[in-house]
Amino acid sequence: MRANSNRREFLRATALTGAGLALSNALRGASNKSVLVFTKSSGFEHDVVKRVGGKPSLVDDTVNEMGNQHGFSAGMTKDGRIFDSNEFHSYAAVVFFTTGDLTTLGRDGKPPMSAKGKQTLLAAVQAGMGFVGVHAASDTFHTLPDPEDRSNRYIAHGDQEDPYLRMLGAEFIIHGREPRLQDANLIVNDAKFPGLEGVTSQVSFNEEWYSMKDFVPDLHVILTLDTQGMKGECYQRAPYPVTWARMHGKGRVFYTAMGDRPENWKNAFFVSLLAGGIRWSTGDASAQLDANLKQAAPGFAEIPPKFPAAK
């Protein structure tokens with residue numbers, strides 16, 4: 001019964017992916033590039049990726065709308081078996097809003113990636129497929145072990161970090177709790193990056209801010225979080241990157257730590273930035289990628305106090 005159930009789930013996921021492609025094409029004509037939106041949650045499932053009543057999630061709908069506007073088509077799935085299919089290789093880029101070890105069934109109950117599927121993804125990006133990580137994409141494939149006390153997340157692993165995270169560019173440690181959401185200022189390090197044209201520092205934004213570590217040295221930092229005045233142990237550190245781009249072999253990798261709040265998926269600043277990152281990842285937009293990590297965030301290697309702070 002379980003095998004039949006999984007088969008039906010894969011067929012439904014494939015149908016939804018095709019429906020997303022058909023919808024985009026019907027609205028704006030045929031596209032020669034498509035992106036795959038993958039939102040499996042093996043860990044915590046965020047509201048923005050939940051499908052209620054079988055309807056597409058907020059992330060699905062927003063990326064589809066971006067495609068209609070900017071000339072790419074979008075397919076959506078939560079089924080990890082997509083990475084073992086021939087269909088996966090038809091995409092120009094993949095967008096991840098995911099959590100946890102995606103090779104496990106996890107909380108959402110959707111079929112996991114296989115270990116081979118994970119390697120297929122990494123090899124595809126290395127060979128030239130674009131990759132876009134949003135928010136919890138850095139809360140995915142934590143370097144093992146990842147115990148309940150999260151102690152291993154406060155250790156800098158460098159080259160020993162999980163290869164997915166090395167491809168992405170950094171790893172999520174933790175976010176604030178009291179408050180979980182807060183206003184903070186973003187320093188714009190590259191106002192010429194696609195989607196940020198004309199935006200100047202500083203930008204005030206309300207978000208569930210991720211505290212991160214193990215930044216890959218070749219990052220091209222686009223936005224830095226100004227931590228001055230922020231509340232919570234995890235922000236008691238120097239400013240650090242929250243949006244960047246890098247090359248992984250031939251693949252264009254873009255990541256932004258923003259995207260937790262449903263309201264932000266209607267925010268013009270965020271939507272424009274993410275659309276620019278997707279367009280750049282597929283090669284439809286260009287950017288200068290100087291490695292500016294040390295210049296943009298000199299204290300990037302600082303690791304904040306473990307929560308709760310020692311008395």
Side-chain angles (χ1 to χ4, degrees), residues 13-39 48-49 51 55-78 82-83 85-98 121 124-125 127-135 137 168 188 190-199 220 222-223 243-256 258-259 264-289:
T14 302
L16 180 58
T17 298
L21 293 172
L23 178 59
S24 290
N25 288 335
L27 289 174
R28 59 167 178 74
S31 170
N32 59 3
K33 288 187 179 177
S34 59
V35 301
L36 173 67
V37 182
F38 184 59
T39 56
V48 296
V49 299
R51 292 176 179 165
K55 296 180 180 179
S57 70
L58 179 57
V59 170
D60 292 338
D61 276 342
T62 304
V63 177
N64 195 64
E65 291 172 8
M66 290 177 186
N68 295 333
Q69 180 179 356
H70 295 288
F72 62 84
S73 54
M76 301 86 176
T77 189
K78 292 177 176 288
I82 189 73
F83 300 97
S85 71
N86 291 331
E87 179 188 354
F88 171 64
H89 298 281
S90 68
Y91 292 100
V94 59
V95 178
F96 264 43
F97 194 127
T98 53
L121 167 68
V125 177
M129 181 180 287
F131 185 93
V132 174
V134 184
H135 194 55
L168 182 68
V188 181
D190 183 1
K192 294 182 180 180
F193 193 83
L196 285 182
E197 297 86 354
V199 176
H220 174 72
I222 300 167
L223 299 174
T243 302
W244 60 78
R246 66 179 297 267
M247 297 300 299
H248 188 71
K250 296 180 180 179
R252 297 182 173 199
V253 176
F254 172 86
Y255 173 78
T256 181
M258 298 180 287
N264 287 342
W265 287 84
K266 299 299 181 183
N267 178 282
F269 167 74
F270 172 74
V271 171
S272 180
L273 171 65
L274 181 56
I278 294 174
R279 290 166 47 229
W280 174 77
S281 76
T282 64
D284 283 343
S286 60
Q288 294 292 323
L289 290 196

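- With sequence neighbours excluded, the residues forming a side chain to side chain donor-acceptor pair (under 3.5 Å) with Ser57 are Asp60, listed by chain and number.
- In this structure, CD1 in Ile222 is found 6.5 Å from OG1 in Thr243, a value given to the nearest 0.5 Å.
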Only pairs under 3.5 Å count here: list side-chain donor-acceptor contacts from residues 272-279, not counting sequence neighbours, and write none if there are none.
{"unit_1": "Ser272", "atom_1": "OG", "unit_2": "Gly195", "atom_2": "O", "d": "2.7"}

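- Taken from CG in Leu121 to CZ in Phe38, the straight-line distance is 9.0 Å, to the nearest 0.5 Å.
- Phe193 has its ring centre less than 6.0 Å from the ring centre of Phe254.
- For Asp190 against Leu196, the heavy-atom pair with the smallest separation is O-CD1, 3.6 Å.
- Here the side chains of Met258 and Asn267 are not in contact, with every heavy-atom distance at 4.5 Å or above.
- Taking both residues in full, the closest heavy atoms of Lys192 and Glu197 are given as O-OE2, 4.5 Å, listed atom of the first, atom of the second, then distance.
- With sequence neighbours left out, Ser281 forms a side chain to side chain donor-acceptor pair (under 3.5 Å) with no residue at all.
- Using a 4.5 Å heavy-atom threshold, the side chains of Val188 and Leu223 count as touching.
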### Message
Under the criterion side chain to side chain contact (heavy atoms under 4.5 Å, CB included), I'd like the reasoning laid out for Leu289 against Trp280: C-alpha separation, chi angles, the key distance, then a yes or no.
### Response
CA-CA 11 Å; Leu289 290 196; Trp280 174 77; 3.2 Å; yes

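- Residues forming a salt bridge (Lys or Arg N to Asp or Glu O under 4.0 Å) with Asp284 (at least two apart in sequence, or on another chain): Lys33.
- Note: Leu168 CG to His248 NE2 = 10.5 Å, rounded to the nearest 0.5 Å.
- In this structure, the separation between NE2 on His220 and CE on Met247 is 12.5 Å, given to the nearest 0.5 Å.
- Judged as a ring-ring contact (aromatic ring centres under 6.0 Å, His included), and not counting sequence neighbours, the contacts of His135 are His46, Phe97, Tyr210.
- Side-chain contact between Arg246 and Tyr255: absent, with no pair of heavy atoms (C-beta onward) separated by less than 4.5 Å.
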### Task
Go through Asn64 and Met76 one step at a time and tell me if the side chain to side chain contact (heavy atoms under 4.5 Å, CB included) criterion holds.
CA-CA 9 Å; Asn64 195 64; Met76 301 86 176; 3.6 Å; yes

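- Pro194 and Ser286 make their closest contact through CG-O, 3.4 Å (heavy atoms, listed as atom of the first residue, atom of the second, distance).
- For residues 65-75, there are no salt bridge (charged side-chain N to carboxylate O under 4.0 Å, His left out) pairs, not counting sequence neighbours.
- The CG atom of Leu36 sits 10.5 Å away from atom CZ of Phe131, with the distance rounded to the nearest 0.5 Å.
- A side-chain contact (heavy atoms from CB on, under 4.5 Å) with Val37 is found for exactly one of Thr77, Val49, Val63, namely Val63.
- The shortest heavy-atom contact between Ala93 and Thr282 is CB-CG2, 3.8 Å.
- No donor-acceptor pair closer than 3.5 Å links the side chain of Lys250 to the backbone N or O of Ala127.
- Trp265 places none of its side-chain heavy atoms less than 4.5 Å from the side chain of Asp61.
- Judged purely by atom type and a 3.5 angstrom limit, Ser90 uses its side chain to pair as donor or acceptor with the backbone of Glu87.
- Closest non-hydrogen pair, Tyr91 versus Gly75, comes out as OH-CA, 4.3 Å.
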